[in-house]
Structure formats: C-alpha cells, structure tokens
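Notes for the one structure printed next.
These figures come from a predicted structure and were not determined experimentally. Read the numbers this way: they start at 1 and go in the same order the structure lists the ligands and their atoms.
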Amino acid sequence: MTRRLTRRGWLTTAAAAAGGVGAVGLAGRFGLIPPDYHGLYGAGETLTYATQRLLTSGRSRAREFARSDISPVAPVNGPAPTGGDYARLRDGGFADWRLQVDGLIERPTALSLDDLTRLPAHSQITMQACEEGWSFIAEWTGAQLAAVLDSVGVAPRARYVFFFTLDGWFDSLDMADALHPQTLLAYGMNGRDLPLDHGAPARLKVPRQLGYKNLKYLARMTVTDTVDGIGRGLGSGAAEAGYSWYAGI
Ligand SMILES: Nc1nc2c(c(=O)[nH]1)N[C@H]1C(S)=C(S)[C@@H](COP(=O)(O)O)O[C@H]1N2
Ligand SMILES: [Mo]
C-alpha cells in the first residue's frame, strides 16, 4: 500500500527528524545507523551518514586530480613512532612486518609487504583533508582493500572492517567503504615507498572520508558484524575522542 505524504504529514515527519527520533527510525530501516549514534550528537551523526549514503550511491567516487595538482609539501599529522615494535620493524626494512587479518573470514592470515605488492597495484591522485582544516593532494599506490578481503573470503554477514595500528589507533569502515574501488591499502606515495611519517609500511587510503579515517602504520584488520566489544563500542578511537565515526566528504 502506498500512502501519499500530505503536507501535514511531511511537516510532522520533518519535525520528528529535527528532533532526531524520526530520522533515526528511518535510517535504521535502511541500515544507515552509524555506530556512534547514541548521546548528545547522535541524531546529527545519523542524519549526516544517512544523507550521504542516500544521496551518494555506494559507488560514487572521490575526485581524482592531475599529476600537476600534486602538492609540493605534504603535511604530517601523527609522525611515525620512534621506539618500540615500530622502530624494530623499521630497522629491519619492514621485512618482519605483517598485517594480521582475522575475524569473519574464511582464511585468517598474516600478509607481508610482498603479499600486498603481489596484488594488482592501483594508483590514484586524491586529496587528503584533515579535520583541522588543511589538505594536500598526493598520488597513492596500493592494493584495493576489496582485493585483500576477497583473497581471505569474507563472510556474508560481515558489516565492518576494523583496523588497528602500531601507534595505538583503531577505526572501522562499513562494507560500502571497505569494498569501494578507491579504498586502498597504500604502500606508495608520489611514486616512492610510503614515507615513514605518512604511514609506512602500509596505510589505509579512504579518499571519501576525512584524514583521520586514513589510518597509518597498520598492524591488524578484523572483520566483524558489530562494533560492540571493541573499545567503547563506538567503532573508532576517534569517535571516543568526540569525532564522528563517519567522516564522509
Ligand atoms: N596510525 C595513525 N594514523 C593516522 C594518524 C595518526 O596519528 N596515527 N593521524 C590521522 C590524521 S588526524 C590525519 S589528518 C592523517 C594525516 O596523514 P599524513 O600524516 O599522511 O598527512 O592521518 C590519520 N591517520
Ligand atoms: Mo586529521
């Protein structure tokens, strides 16, 4: 049965959306509730995420630039650790580095840098924008996350891919962003190996989201059907610090 939305009905819906309740209900029906929807800014986070997901299809692409647009200077936010496991791996030329892959997959595995570079290489010139207001354009080269996930056999009920880093960050993507063709596990930048401070040996490049979702110094990936039980259950350390889990641009 279809029901015509009267002007009065629309106003009621809009009023409910402004209050958050209607929007969250609607978003829930379409599976568009981000993991950090609870709390003070929850309804706002849901509206941003749901609006992006409804207006931009899962396949829309971040803008790509020409080689002449590449920024002469690439700022760093969160330089490479100088000690601990990271320094040991760095001193060994990352030969001992492994990306652990586990969770809802058929073949838990530990990928070396060689394993990543054996997958088809993709390059893209995109903008990285930090929430602090600066941005730069660079060329990133890496394996599509979709290819990595494909090689380990992701369970149909998978909903999130979580990433953990050697400097203690964690974050997650939903499957729409994880499987997006521009989402890379990048090991190269501007035609060279990824510089230490930009995330060596491999980082996440998810150009449809802000800088802080683009985790550097990757250590582990786990596929889940929930955000519960990881940290405070908000899907990312950034969300625990007050940023949005979904940082679409
Ligand atoms: N592991 C890790 N990843 C990280 C960060 C960090 O400090 N550690 N900083 C984030 C932030 S806030 C931004 S803007 C970008 C910065 O990437 P860049 O240093 O290559 O410019 O990386 C993101 N990924
Ligand atoms: Mo950032």
Report the member of [options] with the shortest heavy-atom distance to [atom].
atom	options	value
atom 12 (S) of ligand 1	D167, D171, T165, N77	N77
atom 13 (C) of ligand 1	G168, G211, A138	G211
atom 6 (C) of ligand 1	W140, W169, F164	W169

Check: D197 main-chain N/O paired with K216 side-chain donor or acceptor under 3.5 Å: yes
Heavy-atom donor-acceptor pair, W97 side chain to L218 backbone, under 3.5 Å: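 Flag set: sc W97 to bb L218 pair under 3.5 Å.
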Short N or O distance, Y217 and ligand 1, threshold 3.5 Å exclusive: no
C130 N/O to ligand 1 N/O under 3.5 Å: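 In this structure, C130 places no N or O atom under 3.5 Å from an N or O of ligand 1.
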Between Y243 and D171, a side-chain donor and acceptor under 3.5 Å: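 The criterion, which ignores hydrogens and geometry beyond distance, is not satisfied for D171 and Y243.
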Donor + acceptor pair across side chains of S112, D114 (<3.5 Å):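 There is no such pair between these side chains.
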Is ligand 1 under 4.0 Å from a heavy atom in the side chain of [X], in the backbone, in both, or in neither?
X	answer
L166	neither
Q128	side chain
N214	backbone
A74	neither
K213	neither

Heavy-atom side-chain contact between Y160 and T226 under 4.5 Å: no
Ring centre gap for Y49 and W245 strictly below 6.0 Å: yes
Ring geometry between F136 and W140 (parallel below 30°, tilted from 30 to 60°, perpendicular above 60°):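 Taking F136 first and then W140, their aromatic rings sit tilted (interplane angle of 30° to 60°).
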F136 neighbourhood, listing ligand 1 atoms whose heavy-atom distance to it stays under 4.0 Å: 21 (O)
Atom 19 (O) of ligand 1 - nearest protein heavy atom and its distance: K216 NZ, 2.5 Å
Over 12 foreign heavy atoms within 6.0 Å of CZ, R98: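 For R98, atom CZ is crowded (more than 12 foreign heavy atoms under 6.0 Å).
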